[in-house]
Structures are given as C-alpha cells and as structure tokens.
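This report concerns only the one structure given below.
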Amino acid sequence: MKDTFEKIENKELKRCSKCGQYKELAKFYDSNLSSGYGRICVSCKQIKNFKPQLKAKQTTPYCPKCNGSMLIRKSSFGKFYGCASFPICDGKRNINFIS
C-alpha cells in the first residue's frame, strides 16, 4: 500500500479520468498530444497502434461579402454555406455552389 502511494507521489502512477484506475505513466502516452501524455489511458481510448489518417483538403467557398471562410449550416429550409464570422457578416451561399 505504501509503495502505491509513493509511486503516485513520484508521478510513476497516474489516475485515468475515464475508468478511475491508477496505471503506469507509460499507459497514458499519446504521440498526437503536445505534452505526450493524456488524461485518459490507452486502453480506455482503445488506441494500440494508432496512426492518424491525413484528411483531404476540403475546398469551401469564400464569403461573397467579406471574403472569409464559410461553414456548412443547417436551417429549417436545409443546408447552406454561412459565413464563419456570422454575427458580424451574414453572407450565405447555396450548398450546391461550385466555385
């Protein structure tokens, strides 16, 4: 029991915020994080040999009013492109718009 408390104080063991168990620090390693160690253990994330997949570059139209980026929005009429800086700019485009 004392060994466990000593390991926690020496930061050799860490508590997983998802499952609540104390595990070795190596079980929290994640190469995708800037610090290298996360709050959730690898077994809770179910990441054994995780390799991030590169996402294809998504081309979205530019806002006709402010020339900013646009996001896909939903309304009662359907989906549309709306300006990312919405409260300031209310630029809109049809979802089928081809730039």
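None of these values were measured; they are calculated from a predicted model.
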Worksheet item: Any side-chain heavy-atom pair from S75 and K92 closer than 4.5 angstrom?
Response: no
Minimal heavy-atom distance between M70 and G91, with the atoms involved, is CE-O, 3.7 Å
Hits for salt bridge (Lys or Arg N to Asp or Glu O under 4.0 Å) against K79, two or more places apart or cross-chain, chain-then-number order -> none
Check: Can R93 and Y62 be said to form a side chain to side chain contact (heavy atoms under 4.5 Å, CB included), step by step?
Finding: CA-CA 9 Å; R93 289 216 172 169; Y62 292 101; 5.9 Å; no
ask   = How about C66 and C83: do any of their side-chain heavy atoms sit closer than 4.5 Å?
value = yes
* Check whether any side-chain heavy atom of I95 lies under 4.5 Å from a side-chain heavy atom of Y81, and answer yes or no. => yes
Next item on the list: Find out if a path of hydrophobic residues (ILVMFWY) with successive side-chain heavy-atom gaps under 4.5 Å connects F80 to I72.
Entry: no
